[in-house]
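Here is the structure we will look at, set down as structure tokens.
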2 protein chains.
Amino acid sequence: MNIGDVSTQTGLPAKTIRYYEDIGLVKPLRDDNGYRRFRSQDIHKLNFLGRARALGFTIEDCRTLMALYEDDTRASSDVKKVARAHLAQIEAKIADLNAMRDTLGHLIDACAGDDRPDCPILQDLGGKA
Amino acid sequence: MNIGDVSTQTGLPAKTIRYYEDIGLVKPLRDDNGYRRFRSQDIHKLNFLGRARALGFTIEDCRTLMALYEDDTRASSDVKKVARAHLAQIEAKIADLNAMRDTLGHLIDACAGDDRPDCPILQDLGGKA
DNA sequence: AATGAGGGTTCCAGTCACGGGAAGGTCAAG
DNA sequence: CTTGACCTTCCCGTGACTGGAACCCTCATT
């Protein structure tokens, strides 16, 4: 399979697939004309990567998870550890964003949003005064 | 005031302050020795920027908000529009992260986390099977 | 006078995970 | 034979900084 078809199949942009090869996450073969030839195992890997990325794992996490995936002697605790660390990051980010949303929401509610210059949003940013 | 003191006062790293000058957000004066000299208005601006950035506004949003802040003839609706667009972005991101958290949370709960290789997390990433 | 500490300066490279676009090779169809 | 759709590599840009090198300025101490 050529990269275009793989892109369609996996939903990953061709650029992304080439990038994943660059950083050693996939190793497709090459045809005589230089085109990448993807085997089913490559496509399987790419789907794995796509799902892991969709869950927000970093590329390095993906590398780790793939290694574990391909290691029959892995301990599920190792997988769980990676996942839990990532979950903690997600929850921290959610907390940050919730705080922003609350503050911003209040400010927006307090702002008249008309053609006058008075604006509690700018007042807050300017240091309340 | 030199950059070190400004950094302490505003809580912004000196590097960040120089960067903000680079991109034209602040324009401190210069002493004869080449050192930046910050006036109170510069510090005020930097505090404004710090707060806006803490609310997650992009640098470009900050530029817009600062311009509105300094424009006595602004309409608060313009400010509100920027803020609402940003709030929408935040909420979209929260939704994404919540979805990730839910999925990841379920997978983690389902994973034994012991020394055996069986792992629902990897099964899911591998395409359920 | 030399030295050292603790400021400051510029500039360059790296981050993360790609995306855009140029310049060029390959292939099947008309 | 040409067209158009593929494919290739290579390099630059993204956002908002951060780290580090190499160097200057000022003051205090030896």
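Lettering follows sequence order; numbering is per chain, from 1.
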Under 4.0 Å between a side-chain N or O of A:Thr16 and OP1 or OP2 of C:dA17? no

Check the distance between D:dG13's P and B:Glu60's CD and give it to me in whole angstrom. 17 Å

Quick one: label B:Arg37 by what it contacts on the DNA or RNA (base, sugar-phosphate, nothing), any heavy atom closer than 4.0 Å. nothing

SB check B:Asp42 B:Arg39 (cutoff 4.0 Å): yes

Would you indicate what B:Phe57 reaches in the nucleic acid, counting non-hydrogen atoms under 4.0 angstrom: base, sugar-phosphate, or nothing? nothing

Indicate whether the side chain of B:Asp115 and that of A:Ser77 have a donor and an acceptor atom separated by less than 3.5 Å. no

Between A:Asn33 and A:Tyr20, just flag the one whose closest nucleotide in DNA chain C comes earlier from the 5' side. A:Tyr20

Give one of base, sugar-phosphate or nothing for A:Ile23, where a contact means two heavy atoms less than 4.0 Å apart. nothing

Checking only heavy atoms, does the side chain of A:Tyr19 share a donor-acceptor pair with the base of C:dG19 at less than 3.5 Å? no

To the nearest angstrom, how far is B:Glu21 atom CD from C:dC11 atom C1'? 14 Å

Quick one: A:Ile3 CD1 to D:dT9 C1', roughly how many Å, whole number? 12 Å

Please confirm whether the shortest side-chain N or O distance from B:Arg36 to OP1 or OP2 of C:dG8 is below 4.0 Å. no

What is the distance, to the nearest angstrom, from the CZ atom on B:Arg53 to the P atom on D:dC17? 4 Å

Can you figure out which of C:dT10, D:dC17, C:dG19 approaches the side chain of B:Arg18 most closely? C:dT10

To the nearest 0.5 angstrom, please state how far the CG atom of B:Asn2 sits from the OG atom of B:Ser7. 12.0 Å

Does a nitrogen or oxygen in the side chain of A:Arg30 sit under 4.0 Å from OP1 or OP2 of D:dT9? yes

Gap between atom CG of B:Asp31 and atom CG of B:Asn33 - 0.5 Å precision: 5.5 Å

Whole Å only: how far is the CG atom of B:Asn2 from the P atom of C:dG7? 11 Å

Is the number of heavy atoms from other residues, nucleotides or ligands within 6.0 Å of CZ (A:Arg116) greater than 12? no

